Amino acid sequence: MGDLAPEEICDYAAEDADVTFQLDHLLREKVKEAGCQYALEQCEELLVPVLLDMEHEGVRINSGALKEYGRELDRELLDLEIKIRELGGGNFNPSSPKQWGEVLFDYLKLDPEAARTTSGQYATSEDVLQRIQDRHPIVPMILDHRACSKLKSTYVDKLPECIDPNTGRVHTNFAQALTETGRLSSSDPNLQNVPIRTQRGQRIREAFVARDENHVLLSADYSQVELRVMASLSKDKGMIEAFKRGADIHMETAMRVYGVLELFVTPEMRSACKMVNFGIIYGISAFGLGQRLGVPRKQAAELIETYFIQYPGVKKYMDKAIQDARDTGFAETLLHRRRYLRDINSRNATSRQGAERNAINTPVQGTAADLIKLAMVRVHRELRERRLKTKMVLQIHDELLFDVPREEADTVRTLVRNAMTTVLDIGVPLDVSIGVGDNWLVAH
DNA sequence: GAGGTCACG
DNA sequence: ACGTACGTGACCTCG
């Protein structure tokens, strides 16, 4: 097409000689047959210009603060390397899991039954090391070193390099049609995995700032959106009622599962039930839950059994999700977005069970993605209609981040909350928590 | 380029 | 008896 003038390209397309043009027609028919027309036309196609604007807008980071933090991390890393060398004796690369495995399990013999990865190396991942961290002072130092070097190489050193010299801002790429469930993904750089969980990580969040002193960042995130979607899909009476009441769902679950009043729910009980709730969304297995709770598989199985007695609708949903996928060969979301599951009837138990978890999880994760995508389209349109200067800059699965003129903050807070909570009625109230501040850490 | 690890929701 | 919680992206080592 390179040698054609614009009018000729149109002629070419009009004659249906253009392959892209023909494909558009053909694929739209297929989309229609699959019942995905609404998802395509009312969600994805409307989202394209929204994402384009967000990528174009970018987000400001305080590179000076990051560079200073980089020097602090360097000092921490150097200290750790000196201490590690004193304790370990040898000269090895602290970034090499292979060498660490040999030091910990061949040389120091910290675990005679050390697990190995599929390739035969010793496993040295965080959960493995945490189990043995009391056996030698070098183990917590490895974990510390790993944490520091991860943050430094992936974020602290890298983000300042990503500042576009033309705009002075960081521009991510959103992939709209990449994930299996309908979520977005973000890359080059990925701004959907900016640290927050640890104190060190929070220093990095703090470096994401509003465009200037006249602006603030506003973060709006759906609270427990996937559990609400599970309540909706399963129509479980108790779970829906708990959300309607505005209950703390993990606390509520603990009260039910352990059969006690709120006063008698310990932090451990609530935390265990929080893990069960997550597990439910993922397509729970007694083994997986037991591993994460650090309890025997049997005890985990009993916990799950009690859970299903308390939330029978959830159990029914899970069985039906699997059966539907077996019958149709796919799982679907509220907007009928499909994920084909080729292994759902496999004779290989491992891959079949994997597909069964996908059959349970995909409608949940995917419907949550549908909701926020529709909300993005609506918020973008309303900001434009009301001539507001606020810019949507990031989407992080259940959170939207905006760069807001200070004087618009109150208006936008209301607009965004309203759009996000009322975008679709799923029979379960949606709740959005909103924060405002000079940086992302404070706003979130 | 694969494998291991780990950052996020 | 299987091997095991869902979805991503990026960095590092090593052959």
Side-chain angles (χ1 to χ4, degrees), chain A residues 92-101 115-129 142-143 145-159 162 172-175 178-198 200-202 204-205 221-226 229-230 275-293 297 300 304 318 321 331 339 346-366 368-369 372 394-400 440 444:
Chain A
F92 46 84
N93 183 345
S95 300
S96 168
K98 182 164 180 280
Q99 293 180 33
W100 272 125
R116 291 173 188 270
T117 66
T118 46
S119 73
Q121 272 188 45
Y122 287 114
T124 68
S125 58
E126 187 174 354
D127 57 320
V128 171
L129 295 192
I142 306 169
L143 287 167
H145 190 281
R146 288 237 181 108
C148 287
S149 58
K150 175 82 175 184
L151 295 186
K152 185 162 190 297
S153 64
T154 309
Y155 306 99
V156 176
D157 289 346
K158 205 49 95 287
L159 286 172
C162 295
T172 186
N173 295 291
F174 287 111
L178 180 146
T179 69
E180 296 281 358
T181 57
R183 274 188 174 187
L184 300 179
S185 92
S186 159
S187 65
D188 309 298
N190 182 355
L191 296 185
Q192 288 182 323
N193 71 348
V194 176
I196 189 166
R197 291 175 188 167
T198 65
R200 289 187 184 110
Q202 293 184 7
I204 297 167
R205 279 263 163 151
D221 72 273
Y222 280 118
S223 57
Q224 279 122 25
V225 65
E226 292 193 348
V229 168
M230 174 59 91
M275 296 233 216
V276 180
N277 277 327
F278 273 108
I280 289 295
I281 288 165
Y282 296 153
I284 203 157
S285 77
F287 184 93
L289 179 65
Q291 181 133 5
R292 270 156 195 79
L293 287 178
R297 175 206 169 99
I304 294 169
M318 292 172 69
R339 176 183 188 174
S346 168
R347 266 77 68 205
N348 178 316
T350 305
S351 51
R352 186 179 63 248
Q353 286 160 1
E356 289 172 355
R357 291 192 294 276
N358 294 152
I360 292 164
N361 173 262
T362 295
V364 177
Q365 190 180 114
I372 197 166
L394 292 178
Q395 186 253 43
I396 312 95
H397 310 304
D398 60 359
E399 174 186 5
L400 298 176
W440 195 3
H444 184 74

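In what follows, every chain begins at residue 1, and chains take the letters A, B, ... in the order their sequences are listed. Keep in mind that this is a model prediction, so the values were computed, not measured.
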Any strand is fair game: report the nucleotide pairing with B:dG9 by Watson-Crick or G-U wobble, both distances under 3.5 Å, or none. C:dC6
Whole Å only: how far is the CG atom of A:Asp127 from the C1' atom of C:dA5? 13 Å
Within the 4.0 Å heavy-atom criterion, would you say A:Thr124 contacts the bases, only the backbone, or no part of the nucleic acid? sugar-phosphate
Once you apply a heavy-atom cut-off of 4.0 Å, does A:Ile360 come out as touching a base, just sugar-phosphate, or nothing? nothing
Nearest of B:dG9, C:dG7, C:dT4 to any side-chain atom of A:Asn361? C:dG7
How close or far is atom C1' of C:dG3 from atom CZ of A:Arg347, stated in whole angstroms? 19 Å
Check every strand shown and say whether A:Arg357 touches a base, only sugar-phosphate, or nothing at a heavy-atom separation below 4.0 Å. sugar-phosphate
Considering every strand and a 4.0 Å limit on heavy-atom distances, what is the contact class for A:Gly279: base, sugar-phosphate, or nothing? base
Rounded distance in Å - CZ (A:Arg352) to C1' (C:dT4): 13 Å
Do nucleotides 8-15 of chain C as a string where each nucleotide becomes B, S or -: B if the base has a protein heavy atom under 4.0 Å, S if just the sugar-phosphate does, - if no protein is that close. SBBSSSSS
Whole-Å distance separating the NE2 atom of A:His444 from the C1' atom of B:dC8: 11 Å
Report the distance from atom NZ of A:Lys152 to atom P of B:dA7, rounded to the nearest whole Å. 16 Å
How is A:Ala123 classified with respect to the nucleic acid when contacts are heavy atoms under 4.0 Å: base, sugar-phosphate, or nothing? sugar-phosphate
Can you measure A:Leu191 atom CG to B:dG9 atom P for me and round it to whole angstrom units? 13 Å
Determine, using ring centers only, whether A:Phe92 and A:Trp100 are less than 6.0 Å apart. yes
Integer angstrom distance from the P of C:dA5 to that of B:dT5: 14 Å
Can you tell me which nucleotide in B:dC8, B:dT5, B:dG4 comes closest to the side chain of A:Arg205? B:dC8
At under 4.0 Å between heavy atoms, what does A:Gln365 touch on the DNA or RNA strands: base, sugar-phosphate, or nothing? base
Please confirm whether the shortest side-chain N or O distance from A:Asn358 to OP1 or OP2 of C:dA5 is below 4.0 Å. no
Whole-Å distance, A:Ile396 CD1 to B:dA7 C1', equals 14 Å
Rounding to the closest angstrom, what is the interatomic distance between C:dT4 and B:dG4 at atom P? 12 Å
N/O donor-acceptor pair, side chain A:Gln353 with base C:dG3, under 3.5 angstrom: yes
Quiz item: A:Arg197 side-chain donor-acceptor pair to B:dA7 base, under 3.5 Å: no
